[in-house]
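To start, the structure under review is shown below, and the notes come after it.
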Amino acid sequence: MDAGRYVGTLVAFLLIVGLIWWKIVPPLRRIMREKQETIRRQIEEAKRADERLAEAERTYAEAVAEARKEAAVIRDAARADAHRIGEEMRLRAEQEVERIKQRGEEHLAQQHQQVMRELRIEIGRLSSALAERLVREHLADDANRAATVDGFLDELEQTSARAGEPAVATAGEGAS
């Protein structure tokens, strides 16, 4: 029995192996192939993702480099504009200072002319008042008054004599 049992066990074992080989191995192979295919696709997708990532990083690096260049250009342009604006403002300030200086000089000249006119008027008024006072004081004395009238008549005679009109001088003497 030992041999029969051994043969029976062997046949049972072969039947089980055959059954496994026939029913279980094909689905397992299919599942294994599917898993391998899935893994292969995932590896390919990972490679493509790595390539896309590398491309994206390269594009990003290029964009950053371009942005830095543009920023440098913009910064340089802004500096140039700031310098130009500063120069314009300095020029305008100089023009404004010159205009204010000129207006100040014109105003000072006008004030000088006004003061000079006022001084001339005041000097003329004071001179007239002083002359009037001197004449009044001089003519207040009878002797001075007579000498003044005589001096005036003498000047009148001399003027007439030069002009050739002695009759006027004689008429003036008769009136004294």
Side-chain angles (χ1 to χ4, degrees), residues 37-176:
E37 183 63 27
T38 303
I39 291 171
R40 186 186 56 75
R41 275 186 275 139
Q42 288 176 347
I43 290 172
E44 287 176 4
E45 287 176 7
K47 285 180 183 178
R48 284 193 302 264
D50 284 343
E51 290 171 0
R52 286 194 308 258
L53 177 63
E55 179 66 24
E57 287 176 347
R58 188 179 55 76
T59 304
Y60 172 75
E62 289 173 0
V64 167
E66 184 65 27
R68 285 186 178 146
K69 287 179 187 176
E70 288 179 17
V73 168
I74 291 170
R75 188 174 47 249
D76 292 343
R79 283 183 185 146
D81 286 347
H83 181 70
R84 181 184 49 79
I85 290 169
E87 285 296 316
E88 286 177 3
M89 291 183 75
R90 184 189 56 76
L91 181 62
R92 285 181 187 165
E94 287 175 358
Q95 289 172 346
E96 185 66 17
V97 164
E98 188 60 35
R99 186 183 64 78
I100 290 171
K101 182 180 171 185
Q102 185 177 6
R103 285 174 82 198
E105 289 174 356
E106 289 172 358
H107 183 69
L108 185 61
Q110 289 174 353
Q111 285 182 340
H112 176 70
Q113 290 174 355
Q114 179 68 27
V115 167
M116 291 301 289
R117 278 195 297 270
E118 290 174 2
L119 283 175
R120 284 185 184 123
I121 290 170
E122 185 65 20
I123 288 172
R125 188 184 62 74
L126 289 174
S127 295
S128 296
L130 180 61
E132 183 180 338
R133 191 178 100 217
L134 287 175
V135 168
R136 284 185 194 269
E137 286 177 4
H138 184 70
L139 294 180
D141 183 21
D142 286 337
N144 285 340
R145 190 176 336 151
T148 302
V149 170
D150 288 340
F152 175 71
L153 290 176
D154 288 341
E155 282 181 29
L156 191 58
E157 282 178 13
Q158 289 175 359
T159 305
S160 296
R162 283 188 222 139
E165 298 179 16
V168 174
T170 308
E173 287 177 8
S176 310

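By convention here, the first residue in the shown sequence is residue 1. Computed from a prediction, not measured in an experiment: that's the story for all the values here.
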Who are the side-chain hydrogen bond (donor to acceptor under 3.5 Å, both in side chains) partners of Glu87, not counting sequence neighbours? Arg90
Supply the atom-to-atom distance Thr38 OG1 to Ile43 CD1, rounded to the nearest 0.5 angstrom. 11.0 Å
Look up atom CD1 in Ile100 and atom NE2 in His107, then write down how far apart they are to the nearest 0.5 Å. 13.5 Å
Under 3.5 Å donor-acceptor pairs involving side-chain atoms of residues 63-75, not counting sequence neighbours:
none

side-chain contact (heavy atoms from CB on, under 4.5 Å) partners for Arg120, two or more places apart: Met116
Test of understanding: with salt bridge (Lys or Arg N to Asp or Glu O under 4.0 Å), list the residues that count as partners of Glu44, not counting sequence neighbours. Arg40
Which residues satisfy the side-chain contact (heavy atoms from CB on, under 4.5 Å) test with Glu105, sequence neighbours excluded? Lys101
Qualifying residues under salt bridge (Lys or Arg N to Asp or Glu O under 4.0 Å), relative to Arg92, sequence neighbours excluded: none
Do the side chains of Glu51 and Lys47 get close enough for a salt bridge, i.e. N-O under 4.0 angstrom? no
Under the rule for side-chain contact (heavy atoms from CB on, under 4.5 Å), what residues qualify as partners of Gln113, not counting sequence neighbours? Arg117
Could you work out, with side-chain hydrogen bond (donor to acceptor under 3.5 Å, both in side chains) as the rule, every residue matching Glu122, not counting sequence neighbours? Arg125
Taking the basic N atoms (NZ, or NE/NH1/NH2) and the acidic carboxylate oxygens, is any pair closer than 4.0 Å for Arg41 and Glu45? no
With no hydrogens and no angle check, do the side chains of Glu118 and Gln114 hold a donor and an acceptor under 3.5 Å apart? yes
Give a yes or no on this: more than 12 heavy atoms of other residues, nucleotides or ligands lie within 6.0 Å of atom CD of Gln102. no
List the steps, then state whether salt bridge (charged side-chain N to carboxylate O under 4.0 Å, His left out) holds for Glu55 with Arg52. CA-CA 5 Å; Glu55 179 66 24; Arg52 286 194 308 258; over 6 Å; no
For Arg48, enumerate each residue passing the side-chain hydrogen bond (donor to acceptor under 3.5 Å, both in side chains) test, keeping only those at least two apart in sequence or located in another chain. none
Going by the rule side-chain contact (heavy atoms from CB on, under 4.5 Å), which residues pair with Glu132 if we only count those two or more places apart in sequence or in a different chain? Arg136
The criterion is salt bridge (Lys or Arg N to Asp or Glu O under 4.0 Å); which residues satisfy it with Glu98, sequence neighbours excluded? none
Got a second to check how far Ile123's CD1 is from Leu130's CG, nearest 0.5 Å? 12.5 Å
Qualifying residues under salt bridge (Lys or Arg N to Asp or Glu O under 4.0 Å), relative to Glu96, sequence neighbours excluded: Arg99
